[in-house]
Structure formats: structure tokens, C-alpha cells
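Quick notes on the structure that follows.
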Amino acid sequence: MFERKRPAYALIADTLRETIASGRLPAGAVLAEGALASLFGASRSPVKQAFAQLEAEKLVRRFDGRGVLVGDGPPKRVALTAEILGLATGAARDDAWDTLYYALERAVIEASVFGRFRINELALARHFGVGRTVARNLLLRAQGTGIAVKTDSGHWQIVPMDEARISDLYELRLMLEPPLIKSAAGRVPGDLLREMATRHAAANRAAPDYGVAELDALEADIHVTCLGFGRNAEARAALERTRCLLVVGKHIQAAIAKAPRIDPFMDEHLAILAALEANDGDRAAAALSDHLLSSMRKAAERLEAFRAQGGPSAPAFLMA
């Protein structure tokens, strides 16, 4: 059964609430939107929502500067790190670890469209305020996604994502996904399909105000969960080689969603879900083929738009 990820703002609010209660964030500590968004691998919007929730609980308050203050003390600048927020401890929750990975994933993807870079493991650990073991585990997760690789010399490298590789991976998906979704018709539980449709409709209304984790869950609804009900296990395994496309798409879309906005995929997903709910495998396969062709076109447009922006400054753990 698909398990819905918690909204980004709820995760951020919970983490800050726990950190304040533990005393790791003292009274008067200044919480800035940008710094927290970076640590959580989110946009500023869920951080603002978290601030509003904590303000209603009287845990933080507004002041003349940017951001909010913890409690009633005078403004006090605190260097926020993953360790202070409890994201770098062995007891950290899985969804909190996800925020560290999303931040790494975003940096890797945004650099991958500009060529090949090395990832310095020690610099990565220092960047997040974690140990080498944690940094290595994050890199192993990136390797599993297909966006990073460890060379024979023991160095970590970003896997470049250019137009040719994107086109080849979409061709593979077009061969494998439509037959899989056709065989999944009648096998996906109706209550699960309705839950997915409700989530997509809500995201459609909120677009483009969502974070990477939300995009991740929405993509997974069709391309992981629904396809997982397909009959051909070998095809499902082969599709693992294309998962990096989902990763690239969500980060580039999030980076350029407001400048200019490019239509998201919710309506296309909803058409596939409606066909599955009607047990119409042929219609589901046709809708998925149309979606993949549209996604391939949008991927090229997004890549061009992102490159035109010049991309953000690479963090210190990425080396040309």
C-alpha cells in the first residue's frame, strides 16, 4: 500500500517544535526562511507555512528583521546546522534524513546539466554538519538513483544529464511503461486510485506552490506504485535504470516553476488514474504514452530554460 509522505511544512514545523522544546534553539534565536529552506531541501513556501503554524502556537514571533524569533528573548544569531535541528543524529526520523538527501540530490541535479563534477565526501560531511559515514550513505543513495557514481579510483562523480541521455531514457520508458500500466488495469485497488486522484487534484490547485518531496510522491503514484501492479517483473526491474529522470524532472521543475511557469503533470496523471479506475487498460496505456511524450518535450524545455538562467552557485562539495 502506498504511504503518503507528510507535507513539507508539517515536517519542518515538527522539527522546529522539537528543537525548541529540547533547548537546542534558545530564546531569541533568529530563524531565517532561506537558511531553513536550504537545510530541509525545500522551497521557502513550506518554511513560511511552518512559521505561521508555530506563530499560532506562540513558539515563535515576528520582529523587525527577516524571519522569526524563538520565544521572548532579544534577537540572537544562531548558526543553524543539521546537527542543531536533530537531522544529524542516529535517532533522526527517516523523513528528516530525507531532507538532507533532497538537498544533496538538488545540488547534484542542478550541476549535472552543466557537465561532469566531482563530489568531495569530506566537504559534503562538513556542509551538512554530519560525519563521513552519513555523507557516504547519502552518496550511496544518490548512486542508487543513478545521479552519482563512484569511479575505479574511489572518487565520487556526478553523472552528466544532457539532451542525448534524457532522450534515450525516455525511449526506454516509452517501450516499457505503457504495456505495464495496461496489465495493471483491474489490479490497482480502487480506494488507492481515489486517494491518488484526490492528492493530484489538490496539488493541481496549489501549483506551483509545492516542494520536491510533494513532486516525488506525485510522480511515484503513477510511475512506481501503479506500475508496481503490472504483471511483468522483468520490465519493472529494467525501469529502475530510468528513475533518474523522475529525480531530474522534479528538481528542474521546482527550480524554474515560477520563472517562467511550465505546466506540471497533474492533469496527465489524473487521466491515467481515471482510466485505471474504469479498468480500461488500453486507455491507460494510451494516456501514459501521451504523458511520456509530453514529459520528454517538457524535459527539453526545462533543461533549456534552466541553462538560460545560468543555474545556482555550486556548493563547496562539488568540484569541476
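The basis for the numbers below is simple: all heavy atoms, side chains too, and nothing from hydrogens, waters or symmetry mates. The chain is numbered in sequence order, starting from 1.
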Atom CD of Glu304 with >12 non-hydrogen neighbours under 6.0 angstrom: no
Within-4.5 Å side-chain heavy-atom neighbours: Val159 and Ile147: no
Non-hydrogen side-chain atoms of Phe117 and Trp156 separated by less than 4.5 Å: no
Close side-chain approach of Pro26 to Val78, heavy-atom, < 4.5 Å: yes
Side-chain donor or acceptor of Arg116 paired with backbone N/O of Gln157 under 3.5 Å: no
Option passing side-chain contact (heavy atoms from CB on, under 4.5 Å) with Val248 (candidates Arg165, Glu105, Arg243, Met161): Met161
For the student: nearest non-hydrogen atoms of Ala111 and Leu318, plus distance: CB-CD1, 3.8 Å
Salt bridge (charged side-chain N to carboxylate O under 4.0 Å, His left out) evaluation trace for Glu57 with Arg17: CA-CA 10 Å; Glu57 298 171 18; Arg17 190 182 295 109; 2.9 Å; yes
Close side-chain approach of Met319 to Ile119, heavy-atom, < 4.5 Å: no
Close side-chain approach of Asn232 and Arg236, heavy atoms under 4.5 Å: no
Cation-pi, Phe229 ring and Arg187 (6.0 angstrom, 45 degrees): no
Minimum side-chain heavy-atom gap Leu54-Val70 below 4.5 Å: no
Leu193 versus Cys226, closest heavy-atom pair with distance: CD2-SG, 4.3 Å
Step-by-step side chain to side chain contact (heavy atoms under 4.5 Å, CB included) determination, Thr15 to Ile12: CA-CA 5 Å; Thr15 302; Ile12 295 169; 5.9 Å; no
Student check: side-chain heavy atoms of Leu104 and Phe128 closer than 4.5 Å: yes
Residue Arg241 excluded, over 12 heavy atoms near CZ under 6.0 Å: no
Heavy-atom closest pair, residues Phe265 and Leu218: CE1-CB, 3.8 Å
Working for side chain to side chain contact (heavy atoms under 4.5 Å, CB included), residues Lys48 and Gln53: CA-CA 9 Å; Lys48 289 179 181 178; Gln53 184 171 329; over 6 Å; no
Beyond-backbone contact of Val60 with Leu69, side-chain heavy atoms, under 4.5 angstrom: no
Whether His269 and His200 hold their rings parallel, tilted or perpendicular, with breakpoints at 30° and 60°: tilted
Test: Arg194 and Glu277 ion pair at under 4.0 Å: yes
Audit row: Leu172, Leu239, side chain to side chain contact (heavy atoms under 4.5 Å, CB included) steps and yes/no: CA-CA 8 Å; Leu172 182 58; Leu239 272 173; 5.5 Å; no
Derivation of the salt bridge (charged side-chain N to carboxylate O under 4.0 Å, His left out) call for Glu268 and Lys298: CA-CA 13 Å; Glu268 296 163 9; Lys298 291 176 184 176; 3.0 Å; yes
Expected output: side-chain Ser112 to main-chain Ile158 donor-acceptor under 3.5 Å: no
Full working for salt bridge (charged side-chain N to carboxylate O under 4.0 Å, His left out) between Glu121 and Arg132: CA-CA 7 Å; Glu121 187 177 294; Arg132 289 287 292 272; 3.1 Å; yes
Residue pair Thr145 / Tyr101: nearest heavy atoms and the distance that separates them: OG1-OH, 3.1 Å
Flag, side chain of Thr225 to backbone of Ile222, donor-acceptor distance under 3.5 Å: no
Neighbour count above 12 (heavy atom, 6.0 Å) for Arg126 CZ: no
Side chain to side chain contact (heavy atoms under 4.5 Å, CB included) between Glu219 and Val224, worked out: CA-CA 8 Å; Glu219 288 279 27; Val224 178; over 6 Å; no
Main-chain N/O of Glu163 paired with Ser167 side-chain donor or acceptor, under 3.5 Å: no
Rounded distance (nearest 0.5 Å) linking atom CG of Leu16 with atom CG of Leu85: 6.5 Å
